[in-house]
Amino acid sequence: MTAKQSLQFHLIEPHHQIADFVYCFSSFSNMSTIEEGIIIPNGKIDLILSLTENAGFHIALLGLETQPKIAPKQPISKFFSVSFHPLAVEYILKMPVAKLLNTGRILPDNFWEFTVDDLTDFEAFCLKVTDKVISLLPDAVDQRKRNLFNQIIAADGDVKVNELADNIGWSPRQINQYFNRQLGVSLKSYCNILRFQASLQHIWEGNLYPQLNYTDQSHFIKEVKKLSGVSPKELNKNENSRFLQFLVYDKK
């Protein structure tokens with residue numbers, strides 16, 4: 001049996017009530033069958049519950065990724081994850097992740113009252129997280145910040161800083177200070193990640209020329225290599241199914 005046949009992946013979108021804060025829920029089983037998994041930047045902050053044969057149960061919070069990295073070679077039998085939009089950093093997680101750039105940290109085993117039993121039922125896990133996030137929803141959200149992320153995400157990162165600043169009533173300097181303080185990256189770097197992510201489906205479909213607002217083909221290739229480690233052509237081949245994020249499109 002091949003790695004692609006053995007690996008099991010599921011994705012569930014969030015309830016609309018928490019959609020400003022949660023991007024999706026995902027689960028993987030039998031990850032140890034992948035010879036070399038590669039994680040590429042997705043512009044999200046991930047909370048992961050994992051179960052390994054040797055180290056047991058762990059809960060980890062992963063900050064933003066700005067470069068590709070090889071997934072740790074561990075006998076992970078199962079993991080469930082919650083991918084958060086950046087707005088959740090301040091209002092739900094209530095902890096900056098700037099120091100977690102390209103890394104993560106282990107959280108207490110009872111974080112949000114999780115236990116190893118929460119890894120037995122993915123749908124029940126999603127409901128538990130949903131209830132927890134709803135209980136943490138703030139009475140009010142700074143509308144400038146909500147509008148900031150809504151506009152960036154809706155445009156797949158293809159925004160001009162000055163226009164964005166005018167639209168939300170925040171100066172470019174204030175926006176960058178907020179991004180660096182909360183996430184550890186500038187607005188421009190974050191937007192580049194979103195544009196790259198939006199390009200992934202086009203690349204998966206075999207469109208190896210820029211479908212979004214890149215300067216030219218050379219710029220497109222340079223940005224794809226920077227964030228994935230390979231050219232668009234190599235990314236499209238996805239040899240040995242090593243680029244795990246393509247599993248999202250395989251499910252469509």
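Please read these numbers as outputs of a predicted model, since none were measured by experiment.
Within the structure, ring pair (Phe, Tyr, Trp, His ring centres under 6.0 Å) pairs that include any residue of residues 153-173 comprise W170-Y178 (at least two apart or interchain).
Across all their heavy atoms, L11 and C24 have their closest contact at CD1-SG, 4.0 Å. Taking each heavy atom of G229 and P68 in turn, the nearest pair found is N-CG, 3.6 Å. When all heavy atoms of I59 and P108 are compared, the pair lying nearest together is CD1-O, 3.6 Å. The nearest pair of heavy atoms linking L64 to G43 is CD2-C, 3.5 Å. Across every non-hydrogen atom of L187 and N176, the tightest pair is N-OD1, 2.9 Å. Scanning all heavy atoms of the two residues, the minimum distance from L200 to I40 falls at CD1-CD1, 3.9 Å.
Classification of the F28-F9 ring pair by plane angle, with boundaries at 30° and 60°, yields tilted. Using cut-offs of 30° and 60° for the angle between ring planes, the F125 and F122 rings count as parallel. By the 30° and 60° cut-offs, the orientation of the rings of W112 relative to F84 is perpendicular. Using cut-offs of 30° and 60° on the angle between ring planes, the pair F179 and Y190 is tilted.
Using a 4.5 Å heavy-atom cutoff, the side chains of K226 and F196 are not in contact. With contacts defined as side-chain heavy-atom distances shorter than 4.5 Å, the pair V230/K237 does not qualify. Under the 4.5 Å side-chain criterion, counting only non-hydrogen atoms from C-beta, K44 is not in contact with Q197. You'll find the side chain of E223 reaches within 4.5 Å of the side chain of Y214, heavy atoms only.
Listed for the N110 side chain is no donor-acceptor partner under 3.5 Å among the backbone atoms of F114.
In terms of the side-chain contact (heavy atoms from CB on, under 4.5 Å) criterion, residue partners of Q217 (sequence neighbours excluded) are, by chain and number, Y209, P210, F220, I221. K128 pairs by the salt bridge (charged side-chain N to carboxylate O under 4.0 Å, His left out) definition with D118, not counting sequence neighbours.
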Yes or no on side-chain contact (heavy atoms from CB on, under 4.5 Å) for L137 and Q17, after CA distance, side-chain angles and deciding distance? CA-CA 9 Å; L137 289 176; Q17 191 173 354; 4.2 Å; yes

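For the side-chain contact (heavy atoms from CB on, under 4.5 Å) with V133, the lone residue among V129, T130, D131 that qualifies is V129.
Rounding to the nearest 0.5 Å gives a distance of 9.0 Å between CG of L136 and CG of L93.
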